[in-house]
Amino acid sequence: MDTITKLAIPIRLFLLDVDGVLTDGKLYFGNNGEELKAFNIYDGLGIKLLQRSGVQVGIVTGRQSQLVARRAADLGINIVVQGREDKLVAINEIQKQHDFRLNEIAYMGDDFPDLSAIQQVGFGMTVANASDIIKKQAKWISTLTGGNGAVREACDMLMTAQGSMDKVIQQYST
């Protein structure tokens, strides 16, 4: 069994940063000051499939946004922590509230505010366009960039490692 599979098998909670992971990291503002974000539909389906396989998904982000709350609700994500730069502290709070061990938590982030979380959870992950320092600390790096299918790739990898991918695919097969 390879190292990635060993890290992936115990995962029961997959936590995600938003800007740079679920989005491409760009911030868009309309003429009236409204904030806009683009989310990838493939990432959304990957999250739903991972949830069906039995892994919970949550969000831990440094920014506060109604758009994130709406996207989380659309995807059935109940663990949402916004406005927290102290990602590891937030993760430790989630861990205690929901009875997870750190080795059962995966976290995907892309920049310095995510560093301690990536280092301390059971499975620290990042996107292809992350900071080089983050890439050196992550146990797994997506081949895709944030907002462009990186989360879907991570979800597929987790389901494959946990042996649930075939069951998920069967739901769509004739």
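Note that the structure is predicted; figures quoted are calculated from it, not measured. Just so it is clear, the values below take in all heavy atoms, side chains as well, and ignore hydrogens, waters and symmetry mates.
- Residues Gly146 and Asn129 come closest through the heavy atom pair N-OD1, 3.0 Å.
- Residue pairs meeting the salt bridge (Lys or Arg N to Asp or Glu O under 4.0 Å) criterion with at least one member in residues 163-174, sequence neighbours excluded, do not occur.
- Taking CG of Leu67 as the start and CG of Leu22 as the end, the distance is 12.5 Å to the nearest 0.5 Å.
- By the criterion of side-chain heavy atoms lying less than 4.5 angstrom apart, applied directly or through intervening Ile, Leu, Val, Met, Phe, Trp or Tyr residues, Val21 is grouped together with Val55 in one hydrophobic cluster.
- A donor-acceptor pair under 3.5 Å links the side-chain atoms of Ser53 to the main chain of Leu50, judged by distance alone.
- Taking every heavy atom of both residues into account, Ala117 and Ile91 meet most closely at CB-CD1, 3.5 Å.
- Considering CE of Met165 and CE of Met157, their distance stands at 10.5 Å, rounded to 0.5 Å.
- Under the side chain to side chain donor-acceptor pair (under 3.5 Å) criterion, Thr5 pairs with Asp2, not counting sequence neighbours.
- Residue Phe14 comes nearest to Cys155 through the heavy atom pair CE2-SG, 4.0 Å, listed as atom of the first residue, atom of the second, then distance.
- Distance CD1/Ile169 to CG/Leu49: 9.0 Å, rounded to 0.5 Å.
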Derivation of the side chain to side chain contact (heavy atoms under 4.5 Å, CB included) call for Val18 and Ile59: CA-CA 7 Å; Val18 175; Ile59 290 173; 3.5 Å; yes
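- Closest of all the heavy-atom pairs between Ile141 and Ala128 is CG2-CA, 4.1 Å.
- Taking a 6.0 Å sphere around CZ of Arg52, one finds it holds more than 12 heavy atoms contributed by other residues, nucleotides or ligands.
- Applying the side-chain hydrogen bond (donor to acceptor under 3.5 Å, both in side chains) definition to pairs two or more places apart or across chains, those involving residues 74-88 are Asp17-Lys87, Arg84-Asp86, Arg84-Glu93, Lys87-Tyr107, Lys87-Asp114.
- In this view, Gln162 satisfies the side chain to side chain donor-acceptor pair (under 3.5 Å) rule with no residue, not counting sequence neighbours.
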Stepwise side chain to side chain contact (heavy atoms under 4.5 Å, CB included) test for Gln95 and Leu102: CA-CA 7 Å; Gln95 172 199 2; Leu102 275 178; 3.8 Å; yes
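- Annotation: side chain to side chain donor-acceptor pair (under 3.5 Å) contacts of Gln119 (sequence neighbours excluded): Gln137.
- Here the CD-OG distance, from Gln170 to Ser164, works out to 11.5 Å after rounding to the nearest 0.5 Å.
- The side-chain hydrogen bond (donor to acceptor under 3.5 Å, both in side chains) pairs that include a residue from residues 34-43 are Asp19-Lys37, Glu35-Lys37, Glu35-Arg63, where partners are two or more places apart or lie in different chains.
- Here the side chains of Ile4 and Phe123 are in contact, with some heavy-atom distance below 4.5 Å.
- Ile41 and Val151 sit in two unconnected hydrophobic clusters of ILVMFWY residues. Membership requires side-chain heavy atoms under 4.5 Å apart, directly or through other members.
- Remark: Asp111 pairs with no residue by the side chain to side chain donor-acceptor pair (under 3.5 Å) rule, at least two apart or across chains.
- Taking Leu75 as the reference, Ile47, Lys48, Arg71, Ile77 meet the side-chain contact (heavy atoms from CB on, under 4.5 Å) condition, with sequence neighbours excluded.
- Tyr28 belongs to a hydrophobic cluster whose other members, connected by ILVMFWY side-chain contacts under 4.5 Å either directly or through intermediates, are Leu36.
- Evaluation of the side-chain hydrogen bond (donor to acceptor under 3.5 Å, both in side chains) test over residues 141-152, restricted to residues two or more places apart or in two chains, returns Ser142-Glu153, Thr143-Glu153, Thr145-Asn148, Arg152-Asp156.
- Following chains of ILVMFWY side-chain contacts shorter than 4.5 Å, one cannot reach Leu7 starting from Ile134, and the two form parts of different hydrophobic clusters.
- Rounding to the nearest 0.5 angstrom, the gap separating the CZ atom in Phe39 from the CG atom in Asp24 is 10.5 Å.
- Residues meeting the side-chain contact (heavy atoms from CB on, under 4.5 Å) test with Asp132, sequence neighbours left out: Lys135.
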Verdict with supporting geometry, Met108 and Val127, side chain to side chain contact (heavy atoms under 4.5 Å, CB included): CA-CA 8 Å; Met108 189 174 217; Val127 296; 4.0 Å; yes
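- Thr3 is not listed as a side-chain neighbour of Lys139, based on a closest heavy-atom distance of 4.5 Å or more.
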Test side chain to side chain contact (heavy atoms under 4.5 Å, CB included) applied to Asn92 and Leu88, step by step: CA-CA 6 Å; Asn92 285 330; Leu88 184 58; 3.9 Å; yes
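- Residues forming a side-chain contact (heavy atoms from CB on, under 4.5 Å) with Leu13 (at least two apart in sequence, or on another chain): Leu15, Gln56, Ile79, Ile94, Phe100, Ile105.
- Across every non-hydrogen atom of Ala106 and Met125, the tightest pair is CB-CE, 3.5 Å.
- Residues Ala90 and Val81 share a closest heavy-atom pair of CB-CG1, 4.1 Å.
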